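Down below is the structure, laid out as structure tokens.
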2 protein chains.
Amino acid sequence: MTNDTAVGIPPEQACPIAPVVDIVFSRWTTPILWVLNEYGRHRFVELERRITTITPKVLTDRLRQLERDGLVVRTYHPEVPPRVEYEITELGRSLSPVFEALAKWSVNIGEVEQARLDYDTRKPVGGQASRGRPR
Amino acid sequence: MTNDTAVGIPPEQACPIAPVVDIVFSRWTTPILWVLNEYGRHRFVELERRITTITPKVLTDRLRQLERDGLVVRTYHPEVPPRVEYEITELGRSLSPVFEALAKWSVNIGEVEQARLDYDTRKPVGGQASRGRPR
DNA sequence: CAGTATCCAGACGGATACTG
DNA sequence: CAGTATCCGTCTGGATACTG
């Protein structure tokens, strides 16, 4: 049934999980958290090698953000060549069910790809179909 | 244990859920899917009113993208004042467990906020702590 | 109502080079 | 090693106005 009382909805957008998404799924945070969660502690350079396409600057930015949000801990070892290790926190680890749900859903990616093919193949001509440009 | 065999990881980033994140959590898609999933069919203007801060252009963009990905269906009713309805698809609905996991985790937002306060309060002086600028 | 058409700003991320 | 310092291009998303 169509909803017609779309008034009086709380502030912002009527979506309680939006803030969570901002915290967990900003750019690059997913691979970082995933790696730290799956494979344990890593030093900076190890993360760089895991996530091959990230630049040091961006990696630093994201790690700081995750540290600030309490999802990752940074440990500095004042040794001869400095050593720094990053580890996921308990709070970060509590995201596991989220990642699991995502991993399970990933079996559907094929369907998404098929849907895209269909959409792009459907002649933009004929009918009142919406013409979307591929993003 | 620290991982030291960070070599030979597949292509891209060693994170199988990254593609899913791109599909589901690009900007504004979360509120749109959430609303459609929770409250059923909506017409364009109803979505605009639900998600109060989105502009028509962006709403259109995101709806096209979701339609192309097969997560949403658009139905055009050629009536006197045109009527268009958006509905979530089966595929879209299959994301429910993901949203549920996210909703459950949202109880932790308070912890994140506390962590941010701590981080920002900790004097940037003293020790080898990383000085992060709030984003 | 359900969009489209423009235009624009500024945030984000990439490349490159340098340092404690 | 583990970053930081700069510079810069791009691309998204916002504001605004208009239309079938």
Side-chain angles (χ1 to χ4, degrees), chain A residues 2-4 6 12-13 18 21-22 25-32 41-67 72-87 124 127-135, chain B residues 2-4 6 12-13 18 22 25-32 36 41-67 72-87 124 127-135:
Chain A
T2 302
N3 182 296
D4 44 287
E12 271 311 74
Q13 48 274 48
V21 173
D22 285 344
F25 299 112
S26 54
R27 179 116 217 223
W28 290 116
T29 54
T30 317
I32 294 173
R41 227 181 323 171
H42 278 66
R43 23 202 314 194
F44 192 85
V45 73
E46 289 172 340
L47 283 170
E48 269 190 295
R49 283 199 273 260
R50 285 263 187 200
I51 308 166
T52 49
T53 53
I54 200 171
T55 60
K57 177 202 164 199
V58 176
L59 180 56
T60 305
D61 290 349
R62 288 295 91 97
L63 284 170
R64 290 288 180 277
Q65 175 192 328
L66 292 170
E67 187 192 2
V72 158
V73 267
R74 175 180 182 274
T75 316
Y76 178 83
H77 302 272
E79 300 174 1
V80 190
R83 187 163 55 93
V84 175
E85 294 193 308
Y86 293 93
E87 201 170 359
Q128 261 301 350
S130 54
R131 300 106 198 260
R133 239 184 330 135
R135 84 186 205 92
Chain B
T2 301
N3 183 295
D4 45 285
E12 271 312 77
Q13 49 273 49
D22 284 344
F25 299 113
S26 55
R27 179 117 221 231
W28 290 116
T29 53
T30 317
I32 294 173
L36 257 24
R41 228 182 321 172
H42 279 66
R43 26 201 315 193
F44 190 85
V45 72
E46 289 172 340
L47 283 170
E48 269 190 295
R49 283 199 273 261
R50 285 263 186 200
I51 308 165
T52 50
T53 52
I54 200 172
T55 60
K57 178 203 163 198
V58 175
L59 180 55
T60 305
D61 289 350
R62 290 292 91 98
L63 283 170
R64 290 287 180 279
Q65 175 193 328
L66 292 170
E67 187 193 1
V72 158
V73 267
R74 174 183 183 271
T75 317
Y76 177 85
H77 302 273
E79 300 172 1
V80 190
R83 187 162 56 93
V84 175
E85 294 194 309
Y86 292 95
E87 202 171 357
Q128 260 303 350
S130 55
R131 299 106 199 255
R133 238 183 333 131
R135 83 185 211 95

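Lettering follows sequence order; numbering is per chain, from 1. All of these numbers come straight from a predicted model, not from anything done at the bench.
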field: Base versus backbone protein contacts along nucleotides 13-20 of chain C [heavy-atom cut-off under 4.0 Å; B, S, -]
entry: BBB----B
- prompt: So what stems show up for DNA chain C if we need 3 or more Watson-Crick or G-U pairs in a row, all under 3.5 Å?
  reply: C:1-20 with D:1-20
task: May I ask you to check whether A:S26 and A:Q65 show a side-chain donor-acceptor distance below 3.5 Å?
output: yes
B:I32 CD1 - D:dG13 P separation (whole Å): 11 Å
statement: Atom CZ of A:R83 and atom P of D:dA2 are separated, to the nearest Å, by 9 Å
query: What distance do A:T30 atom OG1 and A:R62 atom CZ have between them, rounded to the nearest 0.5 Å?
result: 11.0 Å
field: Worked verdict on A:L59 versus A:W28 for side chain to side chain contact (heavy atoms under 4.5 Å, CB included)
entry: CA-CA 8 Å; A:L59 180 56; A:W28 290 116; over 6 Å; no
message: Nearest whole Å is fine: how far is C:dG3 P from B:H77 NE2?
response: 11 Å
- prompt: Once you round it to whole Å, what is the distance between P of D:dA2 and CD of A:E67?
  reply: 15 Å
- request: Using ring-ring contact (aromatic ring centres under 6.0 Å, His included) as the criterion, list what pairs up with B:Y86, not counting sequence neighbours.
  value: none
- request: Give the rounded distance in Å between these two atoms: CG of A:L63 and P of D:dG3.
  value: 8 Å
Atom-to-atom span, CD1 of A:I51 to P of D:dA2 - whole angstrom: 14 Å
- prompt: Between B:E46 and B:R41, is a side chain to side chain contact (heavy atoms under 4.5 Å, CB included) present by the stated rule, with each step listed?
  reply: CA-CA 9 Å; B:E46 289 172 340; B:R41 228 182 321 172; over 6 Å; no
message: As an exercise, state the distance from CD1 of A:I32 to NE2 of A:H42, rounded to the nearest 0.5 Å.
response: 11.5 Å
- line: Looking only at C:dA2, D:dG3, D:dA2, the nucleotide nearest the A:R43 side chain is D:dA2
- request: Please lay out, stage by stage, how A:L63 and A:E67 fare under the test side chain to side chain contact (heavy atoms under 4.5 Å, CB included).
  value: CA-CA 6 Å; A:L63 284 170; A:E67 187 192 2; over 6 Å; no
side-chain N/O B:Y86 vs C:dG3 OP1/OP2, d < 4.0 Å: yes
- prompt: So, is A:R64 near the phosphate of D:dT4, with a side-chain N or O under 4.0 Å from OP1 or OP2?
  reply: yes
query: Roughly how many Å is it from CD in B:E48 to C1' in D:dG14, rounded to a whole number?
result: 14 Å
- request: Could you tell me the separation between the CZ atom of B:R27 and the CG atom of A:D22, rounded to the nearest 0.5 Å?
  value: 7.0 Å
task: Using atom CZ of A:R74 as one end and atom P of D:dA2 as the other, report the distance to the nearest whole Å.
output: 10 Å
field: Approximate separation, where rounding is to 0.5 Å, of A:I54 CD1 and A:T60 OG1
entry: 8.5 Å
